[in-house]
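Structure record follows, encoded as structure tokens.
Throughout, a chain's letter reflects where its sequence line sits, starting with A, and its residues are numbered from 1.
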2 protein chains.
Amino acid sequence: MELDERKITILKAIIRSYMETGEPVGSRTLSKLPNLQVSSATIRNEMSDLEEMGYIVQPHTSAGRVPTDKGYRFYVDEIMKEKDIELKEKDSQLTEYKELMDKRVDRLEYVLKHVAKLLAANTNYATMISGPSSRRNKIKFVQLSRMEKNRILVATVFEGNIINNRIIAISEDISEKEIGELNMLLNTSLTGLTMNEINLATIMKLRSDAGDYSDVIDQVLTEISEAFTNNEEEELEVYTSGATNIFKYPELTGGDAAGMLIEQFEKKDELRQMLGEINEGYAADAENAGIRVYIGEELPMHDMSDCSLVTANYDFGSGISGTIGIVGPKRMDYDKVLGTLKSVMKQLEDTFRI
Amino acid sequence: MELDERKITILKAIIRSYMETGEPVGSRTLSKLPNLQVSSATIRNEMSDLEEMGYIVQPHTSAGRVPTDKGYRFYVDEIMKEKDIELKEKDSQLTEYKELMDKRVDRLEYVLKHVAKLLAANTNYATMISGPSSRRNKIKFVQLSRMEKNRILVATVFEGNIINNRIIAISEDISEKEIGELNMLLNTSLTGLTMNEINLATIMKLRSDAGDYSDVIDQVLTEISEAFTNNEEEELEVYTSGATNIFKYPELTGGDAAGMLIEQFEKKDELRQMLGEINEGYAADAENAGIRVYIGEELPMHDMSDCSLVTANYDFGSGISGTIGIVGPKRMDYDKVLGTLKSVMKQLEDTFRI
DNA sequence: GTTAGCACTCACCGTAATCGAGTGCTAATC
DNA sequence: GATTAGCACTCGATTACGGTGAGTGCTAAC
């Protein structure tokens, strides 16, 4: 059987109606729509066909129809096909984001956190953003400064102005002048390198150049390496916001489902991993960049199969990339979410791309 | 009427039983307890008295009794009276905390975040910790470093090794040597000062000493001032953990109450303010340090009047202080919470007190 | 191919009946 | 006077049940 014009109209109408109300939609309701000038009986026949084809389903006999994952998938693909969703330049929310970003270009972290909040507030869904992955990121600048007699502050700045501080304790007495020399040494050796590019040869050269202070160099390198990996595993935050929005959608909060979902949102580790995998996916398949939609069972996280997830990837070059995700009920307003996400991504990339 | 021995035994038994089950407790249940060798009728009489005195209440006629806020208050005071709850040195959880703290003395933030997590996991309640307030904190060290041609990294370290970084853009060309001089100047002028102590005289002196670079000084001071206040308003985090634990207590999740509560936990602003006020309270009344318990209506946050809050204050000197709070149902296991909190506080203070 | 009509299904709602844990009271007992 | 046994009573929780209505599928007429 084919999806003819009328079937498509009906399917879309069902989905849209279900999006609004969250209630199964019946044939009579549809027959009253202006763009469907046929009787309810006709619609019933069409619905029967749609059900057979797997786009919709009845929760129980004698109830209206509800879209299946396949139905949503069709709808989303249809939306995505409508090429570039026009970016309304005057959109108030867009300027809202823009202001936020102009404010503090040097604090990506800060901006991401607030973007999560704004997205949650604007869409009424839950949002999550993974902070920039930096394992492939380059060192821009290293600075040792003596804080106290035998404590040194190691500040490492990565591309994208991601700053990491460590404090190390040293045993030797070291003069300001020598610290200056070590700084010079470190910067000439390390600037522009990624974690993987700091190899044994580099390290050996550094140590021999440092002379008496080779063990200070060791400590500094340890801290820098931790700065790399720790970013990855510990401090690579996932910013979430609006998790409580799910309480607005009764179909997600039946029974103890609400608890389960909110709990998912507290498991930052798993979220981070999930977003990380999605991010990898984007990297592997560059042409398919942009926005992706995962519906129900398609979700990488099994416990959330009653939800949909819309993701977008940011990549500012130099290995600074991450993922934004918006989670809502399957009947989320894909149109709005896709539009909002698109404009936010544009804004982010314009501001931060190196 | 007086609270005689037997009434106290019964009251405690009611509270303990209610803590375990969350169900109203009846006279027959109590009569079966080993330390109450009287008939249910006798207990009924006593319960009637206790109700009259306001320690317990019936949710409805013909139901068992449930402790009132006053009842809990009595119970908690009773526990607190049992002076120092013995710190079991060999307690596995204590070593767990200790390991955590030894690991990274220089990252208070990191430790606090993980303490929140551990507390939530160990107690099964929700925890929140306010990061150290620093408005009254002293500058320990300031360091300018040139990152790029006209970008300077301003690293400010406060007492307690709280590090704050800013990046400023400068128009003038400035040599390494001159940056070194500015560093010297800034450190001699600012080290040891709090926000309020940086007055006009200090600023004027700095500017005149800086000569041609007085506007760099201006920028640096702006950033430092923001570092102070921003710590206070933006980045002064509240770390929460285990919010979903509340789903384990049905009496908190009836209706949409669960949503409300979880929402409270997402409002970091309000939590921070609440913890801040509590912290102020501790400061104002030093002798009453230690642990406090807020029951039901006593809570500073009105929407949480079905809960209890146990708080403890940490103060490491130099104005670095904050508050830890544990939120649970009124029938929370006060004994355990008080003990756990006490040992954690001790550990924290031992490790961090300056 | 479309529509009107009709019998049928089934979640939902409100009411009634039942059940049982728990109380308060009274009278007997220690 | 304190304690206890016994009993009537209360009231939330659970189950049972009939009515209602939205919605379907099918058939026959248009």
Is it the case that more than 12 heavy atoms not belonging to His60(B) sit under 6.0 Å from its NE2 atom? yes
Between residues 23-32 of chain B and DNA chain D, which residues have a heavy-atom gap below 4.0 Å? none
Got a list of side-chain donor-acceptor pairs under 3.5 Å for residues 257-266 of chain A, not counting sequence neighbours?
residue   : atom : partner   : partner atom : Å
Gln264(A) : NE2  : Asp303(A) : OD2          : 3.0
Glu266(A) : OE1  : Gly242(B) : N            : 3.4
Glu266(A) : OE1  : Thr244(B) : OG1          : 3.4
Glu266(A) : OE2  : Gly242(B) : N            : 3.3
Glu266(A) : OE2  : Ala243(B) : N            : 2.9

Listed by chain and number, what are the salt bridge (charged side-chain N to carboxylate O under 4.0 Å, His left out) partners of Glu20(A), not counting sequence neighbours? none
Listed partners of Thr311(A) passing side chain to side chain donor-acceptor pair (under 3.5 Å), at least two apart: Tyr282(A)
Length of the line joining Asp4(B):CG and dG1(D):P, which is rounded to integer Å: 17 Å
Using the side chain to side chain contact (heavy atoms under 4.5 Å, CB included) criterion, which residues pair with Thr9(B)? Sequence neighbours excluded. Asn35(B), Leu36(B)
Please list, by residue number, the residues of residues 39-48 of chain A whose heavy atoms come closer than 4.0 Å to an atom of DNA chain D; answer none if no residue qualifies. Arg44(A), Met47(A)
Rounded distance [0.5 Å steps], OH in Tyr239(A) versus CE in Met128(A): 15.0 Å
What protein N or O atoms touch nucleotides 28-30 of chain C N or O atoms at under 3.5 angstrom, if any, and at what distances?
none

Do the numbers put Lys330(A) on top of the ring of Tyr72(A), so that NZ or CZ is under 6.0 Å from the six-membered ring centre and no more than 45° off the axis? no
Asp306(A) meets the side chain to side chain contact (heavy atoms under 4.5 Å, CB included) criterion, sequence neighbours left out, with Leu252(A)
Round to a whole Å and report the spacing from CD of Gln58(A) to P of dG23(D). 11 Å
Salt bridge (Lys or Arg N to Asp or Glu O under 4.0 Å) partners of residues 41-62 of chain A, not counting sequence neighbours, each pair once: Arg6(A)-Glu46(A), Lys7(A)-Glu46(A), Lys7(A)-Asp49(A), Glu51(A)-Arg65(A)
Please report the distance, rounded to the nearest Å, between OH in Tyr18(A) and P in dG23(D). 14 Å
To the closest 0.5 Å, what do you measure between CD1 (Ile324(A)) and CG (Leu275(A))? 10.0 Å
Assess whether side chain to side chain donor-acceptor pair (under 3.5 Å) is satisfied between Tyr334(A) and Ser308(A), documenting all intermediate values. CA-CA 9 Å; Tyr334(A) 296 99; Ser308(A) 281; 2.7 Å; yes
Under a 4.0 Å heavy-atom cut-off, which of residues 59-72 of chain B touch DNA chain C? Ser62(B), Ala63(B), Gly64(B), Arg65(B)
Kindly say whether Asp333(B) contributes a backbone atom to a donor-acceptor pair with the side chain of Tyr125(B) at under 3.5 angstrom? yes
Where do N or O atoms of nucleotides 28-30 of chain D meet protein N or O atoms at under 3.5 Å, pair by pair?
none

Does a salt bridge link Asp69(B) with Arg73(B), judged by any charged N lying under 4.0 Å from a carboxylate O? no
Rounded to whole Å, the CD-P distance (Glu52(B) to dT23(C)) equals 16 Å
Could you state the CD-P distance from Glu51(A) to dT24(D), rounded to the nearest angstrom? 10 Å
Rounded at 0.5 Å granularity, tell me how far OG1 in Thr123(B) sits from CD1 in Ile326(B). 5.0 Å
Would you please name every residue forming a side chain to side chain contact (heavy atoms under 4.5 Å, CB included) with Glu251(A), sequence neighbours left out? Tyr249(A), Pro329(A), Arg331(A)
